[in-house]
Undergrad: 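So that we are looking at the same thing, I have put the structure below in structure tokens.
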Amino acid sequence: MIKLCHIHKFFGANEVLKDVNLTVNEGEKLVIIGPSGSGKSTTVRCMNGLELPTSGQVFVNGIELTKKNRTELVRSTSSMVFQQFNLYPHLNVLGNLTMAPIKLFGKSRKEAEELAYHYLEVVGLSEKALVYPTTLSGGQQQRVAIARALCSQTKIILFDEPTSALDPETVQEVLNVMVKLASESITMVIVTHEMGFAREVADRVIFMDNGTILEEGTPEHFFLNPIHDRTKQFLGKILY
Amino acid sequence: MIEQILSYESWMAFFKDWTLFAQAFGVTVMVSVLALLLALALGVVFGVMSTSHHALPRFIARGYVETLQNTPLVLQAYVFYLALPYIGVMIGQISVGIYAVGIYHGAYIAEVVRAGIQSIPKGQAEAAASQGFTYVQTMRWIILPQTIKIILPPLVNQMVNLIKNTSVIALIGGTDLMNRTNDWATTGECIYGPPFLVCGILYFLLCFPLATWGRNYEERLKRRDIQSTDKPAATEEAAS
């Protein structure tokens with residue numbers, strides 16, 4: 001579904017990704033963990049062209065993602081949920097959800113609104129359709145952002161630290177929605193620090209450190225028998 | 001001049017020709033409206049160009065803005081009026097005025113639009129890109145609508161300046177309010193007081209309500225922003 005081949009990424013002189021190779025299979029729930037600055041977010045952002053690799057290739061559904069085709073390729077294949085939600089503040093919740101279906105996918109307003117209400121129900125916010133994002137709590141905003149991603153009806157959803165900007169109290173409501181999605185056939189790539197969640201939903205966990213993939217495996221292998229000392233050290237700190 | 005303002009005869013002489021002034025006032029209003037439309041169109045196009053990722057549109061926009069901002073409007077008006085016939089373009093003084101003032105203020109409005117676009121958080125464009133919106137679609141539906149409330153106060157400022165600057169037409173002989181006033185006052189009996197006083201009042205009546213509206217709008221906006229930053233906390237409390 002997504003394939004990263006020998007990805008190197010420089011920000012100025014700083015090499016944030018060093019020869020990253022990764023394949024995400026259809027329907028897979030892939031969780032990427034690692035310390036800050038390890039290149040997790042950059043890796044996910046390479047998958048939808050928000051970052052273009054300095055060298056190496058990205059394939060989505062077998063098609064190479066390039067500067068030229070990224071808008072169209074991404075439109076039909078993936079959506080993203082951001083750490084800072086990034087809802088459109090000038091539109092109400094319904095407007096946020098229906099914009100892409102109407103403007104990009106040629107749906108009628110009625111179809112788009114039906115779709116929006118359906119996914120608002122999935123994230124448990126049907127009653128908030130007509131309010132503006134700034135009046136919602138962080139957790140609610142992130143659930144709206146997930147509904148917005150679902151409205152594009154793409155097979156892949158990328159999550160870039162979806163709960164890192166939330167109050168501890170509202171983290172769970174967002175994770176619950178994501179667990180619910182994980183039972184469906186959507187391919188999910190999730191950058192997170194929520195280890196309990198990772199254990200519950202992941203088919204595969206990847207540990208990144210210093211721009212490389214250091215270790216990968218099933219959650220059982222990963223949390224119970226990590227091989228690398230660096231992984232053990234990281235898990236030791238985070239799982240106290 | 002004071003004597004003339006207090007003299008009944010000079011006012012009677014002035015009012016006898018009031019239709020001349022009314023007509024010239026109409027010309028000034030028309031020039032203002034058309035120049036403003038031109039300036040807005042240029043401002044949005046060049047403002048968007050100056051935030052482009054590509055160097056060429058940025059370079060062109062910079063060239064336009066710097067050239068127009070760093071040479072006098074009067075010079076530009078003369079160049080339009082005197083140089084255009086040499087390349088076979090014959091347009092009247094009023095049209096020259098509309099183009100000169102519109103193009104001049106377009107440069108200032110481009111800077112206002114650029115600043116507005118740059119004040120929108122980067123996450124907005126990223127969210128749009130992750131949904132598959134093109135650059136132009138992102139500007140049209142997501143970024144520019146959000147800039148309106150930010151750029152409106154400085155934009156109103158530009159509108160007021162533009163209205164006053166239409167008086168440059170007087171220099172190239174177009175019959176706008178300024179030109180008619182000067183013409184009337186310096187012909188025959190040389191009655192300066194009443195026409196210049198009324199001329200000033202008429203410009204004031206155009207500009208003052210606009211400037212006041214702009215200032216009030218900005219105040220309202222500030223108050224609303226204070227309220228909306230209070231709001232999320234309030235809803236969270238209500239929810240818990």
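Order of the sequence lines sets the chain letters (A, B, ...), proteins ahead of strands, with each chain counted from 1. Source: prediction; values computed, not measured.
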Undergrad: By a 4.5 Å heavy-atom criterion (distance strictly below it), what part of Phe82(A) contacts chain B: side chain, backbone, both, or neither?
TA: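 Side chain only.
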
Undergrad: Only counting residues at least two apart or in another chain, list the ones meeting ring-ring contact (aromatic ring centres under 6.0 Å, His included) with Tyr108(B).
TA: Tyr104(B)

Undergrad: Between Leu91(A) and chain B, with a heavy-atom cut-off of 4.5 Å, which part of the residue counts as in contact: side chain, backbone, both or neither?
TA: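 Neither part; nothing is under 4.5 Å.
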
Undergrad: Checking an interface table here. Which of residues 26-54 of chain A come within a heavy-atom distance under 4.5 Å of chain B?
TA: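 Expected list: Arg45(A), Asn48(A), Leu50(A).
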
Undergrad: Tell me if the centroids of the rings in Phe46(B) and Tyr64(B) come within less than 6.0 Å of each other.
TA: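 Between Phe46(B) and Tyr64(B), the centre distance is under 6.0 Å.
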
Undergrad: Between Tyr135(B) and chain A, with a heavy-atom cut-off of 4.5 Å, which part of the residue counts as in contact: side chain, backbone, both or neither?
TA: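 No part of it gets close to chain A.
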
Undergrad: Picking from Pro89(A), Ala145(A), Gly139(A), which has the most non-hydrogen pairs under 4.5 angstrom with chain B?
TA: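 Option with the top pair count is Pro89(A).
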
Undergrad: Test your reading of the model: is there a side-chain donor-acceptor pair from Arg143(A) to the backbone of Val123(A), 3.5 Å cut-off?
TA: yes

Undergrad: Short question: side chain of Ser108(A), backbone of Glu111(A) - any donor-acceptor pair under 3.5 Å?
TA: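 Side chain of Ser108(A) to backbone of Glu111(A): a pair is present.
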
Undergrad: Without swapping roles, check the side chain of Glu219(B) against the backbone of Arg215(B) for a donor-acceptor pair under 3.5 Å.
TA: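 Answer holds: no.
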
Undergrad: To the nearest 0.5 angstrom, please state how far the SG atom of Cys151(A) sits from the CD atom of Glu113(A).
TA: 11.0 Å

Undergrad: Where does Ala128(B) contact chain A at under 4.5 Å (heavy atoms): side chain, backbone, both or neither?
TA: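 Contact with chain A: backbone and side chain both.
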
Undergrad: Counting heavy-atom pairs closer than 4.5 Å to chain B, which one of Arg70(A), Arg75(A), Met80(A) comes out on top?
TA: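 Result: the option with the highest number of such pairs is Arg75(A).
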
Undergrad: Mark yes or no for whether Thr154(A), through its side chain, and Ile156(A), through its backbone, hold a donor-acceptor pair below 3.5 Å.
TA: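 Indeed, once roles are kept as given, a pair shorter than 3.5 Å links the two residues.
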
Undergrad: Verify the distance criterion only: is there a donor paired with an acceptor across the side chains of Tyr81(B) and Ser95(B) at less than 3.5 Å?
TA: no

